[in-house]
**Q** 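Before I ask anything, let me first share the structure, which is written out below as C-alpha cells.
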Amino acid sequence: MEDVWLTARLLNTLAPKIKEQQLSDLLRTIEIPLVTVLADMERCGVRVDTEQLEKMSLELDSHIAALERRIFSIAGEEFNINSPRQLSFVLFEKLNLPTSRKTGKAGHYATGVEVLEDLAFSYEIAQLILDYRELVKLKNTYLDALPRLVDPATGRIHTTYNQMVASTGRLSSSNPNLQNIPIRSELGRSIRRAFVAEPGFSILAADYSQIELRVMAHLSRDPVLVEAFQKGEDIHERTAREVFGDKSGLSREETRRRAKVINFGIMYGLSAFGLSKSLKIDRHEAQQFIDEYFKRYSGVRDWINATLAVVERQGYVTTMMGRRRPIPEIRSKNWNLREFGKRTAINAPIQGTAADLIKMAMVAIHRRIEEEGFRSRLIMQVHDELVLEVSDDELEAMRTLVRKEMEEVAELVVPLEVDLGVGKSWYEAKG
DNA sequence: CCTGACTCC
DNA sequence: CATGGGAGTCAGG
C-alpha cells in the first residue's frame with residue numbers, strides 16, 4: 001500500500017519534470033530519492049502548541065480592537081480597513097493625505113506598505129494602519145489558521161511539500177505554508193515559540209550561512225568574493241569597503257546596510273532604478289554604486305554577461321547539478337518580458353544551485369538517520385534551513401551529522417558554513 | 001477568480 | 001517603455 005502511494009506521489013510530482021529534464025542524474029540522485037524524504041517529513045509533521053497560539057490570538061483581539069477605534073476616530077467614520085478601495089477613499093479623498101500613485105486597473109490610490117511608511121512620518125493614521133495590518137495578518141494567517149490544521153490523530157501539523165511548483169527547483173510548502181512563518185518582527189517571531197519538540201526531544205535548526213552569495217562566488221569564481229568567503233570575512237562589510245571605501249562619510253552600519261542591499265540585489269539583476277528606490281537615494285548615485293560594485297567584483301560582471309550570452313543562445317540556463325530553467329521570455333519582442341528573462345537567467349542558476357545543494361543534504365541526512373538507526377527526524381525545510389526534531393540522547397551525534405552532511409554536500413571553491421541552534425521550540429533554536 | 005496586501009527565503 | 005529572483009495565504013470585490 002505504501003509503495004502504491006509513493007509511486008502515485010512520484011508520478012504526480014515528477015512526471016512533468018521527467019519530460020522536461022529527461023532522465024538525468026538530477027532525477028536519479030536528487031529528486032527521486034527526495035520523494036521518500038519529503039513523504040517522511042510530511043507524515044511526521046511538526047508539533048504545535050495550539051493553546052499558546054490561542055492565547056496570543058485573544059491578546060491580539062483587544063489590541064486590534066483598540067487600533068480600530070483610533071483609526072475610525074481619526075477617519076471620522078467606520079469603514080473596512082481591510083478594503084484597499086475603502087481605505088484609499090478615506091485616506092486620499094476624505095482626509096486628503098498627500099496622494100500616492102494610482103494602482104493598476106482598479107484606479108484607486110495605492111495603500112501599500114511603502115506608501116504608508118512614507119506617510120507615517122507625518123500622519124499618525126498611516127502608522128496605525130500599518131500596525132493594524134501586521135496584527136490582523138498574524139492573527140488570521142497564523143494564530144487562527146494553524147490550530148485548525150492540527151491533525152487530531154497525531155496532534156501535529158502535516159504540511160505538503162511540493163517538488164515541482166517552483167521553477168528554480170526550490171521546494172514549496174502548502175496547507176499550511178510552513179516556509180513563511182514570521183521571523184522579522186519580534187511579535188511575529190514569537191509565533192515560533194509554539195513550534196515545539198515532543199517530550200524527550202529538542203528542535204535542531206541548521207541553516208546555511210549566505211548560501212546564495214557563496215554559490216554566486218563559486219559560479220563566477222570572482223577573486224574578491226572567493227577570497228572574502230575563504231577568509232571567513234563578513235561579506236557585507238567587505239562589499240561596503242569595496243564599494244564605499246572609507247571616504248563616504250557614512251557610518252559603518254549604514255554602509256553595511258547599503259552593501260547588503262546591493263549584494264542581494266545583484267543576484268536578482270537589480271537596476272539603478274530599483275536600487276535607488278530601495279535605498280531611497282538618487283538614481284545617479286545608485287548607478288555609481290552599481291558601477292563601482294562591478295568594477296570591484298568584475299568576475300561577477302563577467303559571469304552575468306556570460307550567463308546572458310548562454311541564455312540568448314540556448315534559451316535556458318542550468319544549475320550546478322544540471323537542473324534546467326527554460327527562459328522563453330528571452331526571445332520575446334516585448335522589452336519588459338525580455339528584461340524579466342534576463343533577471344531570471346541571472347537568478348535561476350544561483351537560487352537553483354542552492355536548492356540542489358540543500359536537497360542533496362536532505363537525502364544524505366535522511367539516509368544516515370535510517371542506516372544508523374537514529375530516532376531523530378527531519379521535520380521542516382525552509383530553503384536554506386533544515387529543522388529536525390532530535391532525541392535528546394542523540395543531540396551531539398545529530399549536531400555533528402547534520403553539520404557534516406550539509407557542509408560537505410559538495411565541494412565549492414568557497415566553504416559552505418552552517419549555523420546550528422538547539423532549543424525546545426523553533427524560536428529558541430534560532431536564538 | 002483576480003488583485004492587492006502581507007508573510008518567508 | 002519600466003525598472004529585484006522564488007513562493008503561499010488571506011480578504012475584498
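Each chain gets a letter, A, B and so on, in the order its sequence line appears, and its residues count up from 1.
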**Q** Please pick, from C:dA2, B:dC8, C:dG13, the nucleotide with the shortest atom-to-atom distance to any side-chain atom of A:W335.
**A**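 When the side chain of A:W335 is considered, C:dA2 is the closest of C:dA2, B:dC8, C:dG13.
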
**Q** Between A:S271 and C:dG4, does any side-chain N or O lie under 4.0 Å from OP1 or OP2?
**A**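 For C:dG4, OP1/OP2 do have a side-chain N/O of A:S271 under 4.0 Å.
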
**Q** Can you classify the ring geometry of A:F79 versus A:F72 as parallel (below 30°), tilted (30 to 60°) or perpendicular (above 60°)?
**A**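 The arrangement is perpendicular - the two ring planes meet at more than 60°.
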
**Q** What residue among A:V300, A:V413, A:V414 forms side-chain contact (heavy atoms from CB on, under 4.5 Å) with A:L225?
**A**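 The option that passes is A:V300.
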
**Q** Could you say whether A:F340 or A:N336 is positioned toward the 5' end of DNA chain C, judged by the nucleotide with the nearest heavy atom to each?
**A**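 It is A:N336, whose closest nucleotide lies nearer the 5' terminus.
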
**Q** Mark yes or no for a side-chain to base donor-acceptor pair under 3.5 Å between A:R85 and B:dT3, with no hydrogen or angle criteria applied.
**A**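 Check fails, no donor-acceptor contact within cut-off.
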
**Q** For the side chain of A:K277 and the base of C:dT3, is some donor closer than 3.5 Å to an acceptor across the two?
**A**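 Answer no: no donor N or O sits under 3.5 Å from an acceptor.
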
**Q** Tell me the interatomic distance from A:N180, atom CG, to C:dG5, atom C1', rounded to whole angstroms.
**A**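 Answer to the nearest Å: 17 Å.
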
**Q** Are the ring of A:Y268 and the six-membered base ring of C:dG4 within the stacking cut-offs of under 5.5 Å and under 30°?
**A**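 According to the criterion (under 5.5 Å, under 30°), no, A:Y268 does not stack.
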
**Q** Can you tell me if the side-chain N/O atoms of A:N82 get under 4.0 Å from OP1 or OP2 in B:dA5?
**A**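 No.
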
**Q** Whether the side chain of A:Q351 and the base of C:dG5 hold a donor-acceptor pair under 3.5 Å is what I'd like checked.
**A**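 When only heavy-atom distances are counted, A:Q351 does reach the base of C:dG5 through a donor-acceptor pair under 3.5 Å.
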
**Q** Picking from B:dC6, B:dC9, C:dT3, which would you name as closest to the side chain of A:D384?
**A**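 Given the options B:dC6, B:dC9, C:dT3, the side chain of A:D384 is closest to B:dC9.
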
**Q** So, under a plain 3.5 Å distance rule, would you say the side chain of A:R184 forms a donor-acceptor pair with the base of B:dC8?
**A**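 Looking at the base of B:dC8, it does not pair with any donor or acceptor on the side chain of A:R184 (distance under 3.5 Å).
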
**Q** Strictly below 4.0 Å: does A:T111 bring a side-chain N or O up to OP1 or OP2 of B:dA5?
**A**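 Yes, because at least one side-chain N or O of A:T111 sits under 4.0 Å from OP1 or OP2 of B:dA5.
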
**Q** Between A:N347 and A:E339, just flag the one whose closest nucleotide in DNA chain C comes earlier from the 5' side.
**A**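 Counting from the 5' end, the first nearest nucleotide belongs to A:E339.
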
**Q** Ignoring backbone atoms, establish whether A:S172 has a side-chain N or O less than 4.0 Å from OP1 or OP2 of C:dG6.
**A**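 For C:dG6, OP1/OP2 do not have a side-chain N/O of A:S172 under 4.0 Å.
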
**Q** Think A:S88 has a side-chain N or O under 4.0 angstrom from the OP1 or OP2 of B:dG4?
**A**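 Answer no for this pair, as no side-chain N or O of A:S88 is under 4.0 Å from OP1 or OP2.
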
**Q** Report the nucleotide, chosen from C:dT9, B:dT7, B:dA5, that has the shortest atom-to-atom distance to any side-chain atom of A:Y142.
**A**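 Comparing C:dT9, B:dT7, B:dA5 against the side chain of A:Y142, the answer is B:dT7.
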
**Q** OP1, OP2 of B:dC6 versus side-chain N and O of A:R133: anything below 4.0 Å?
**A**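 A:R133 to B:dC6 OP1/OP2: side-chain N or O found under 4.0 Å.
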
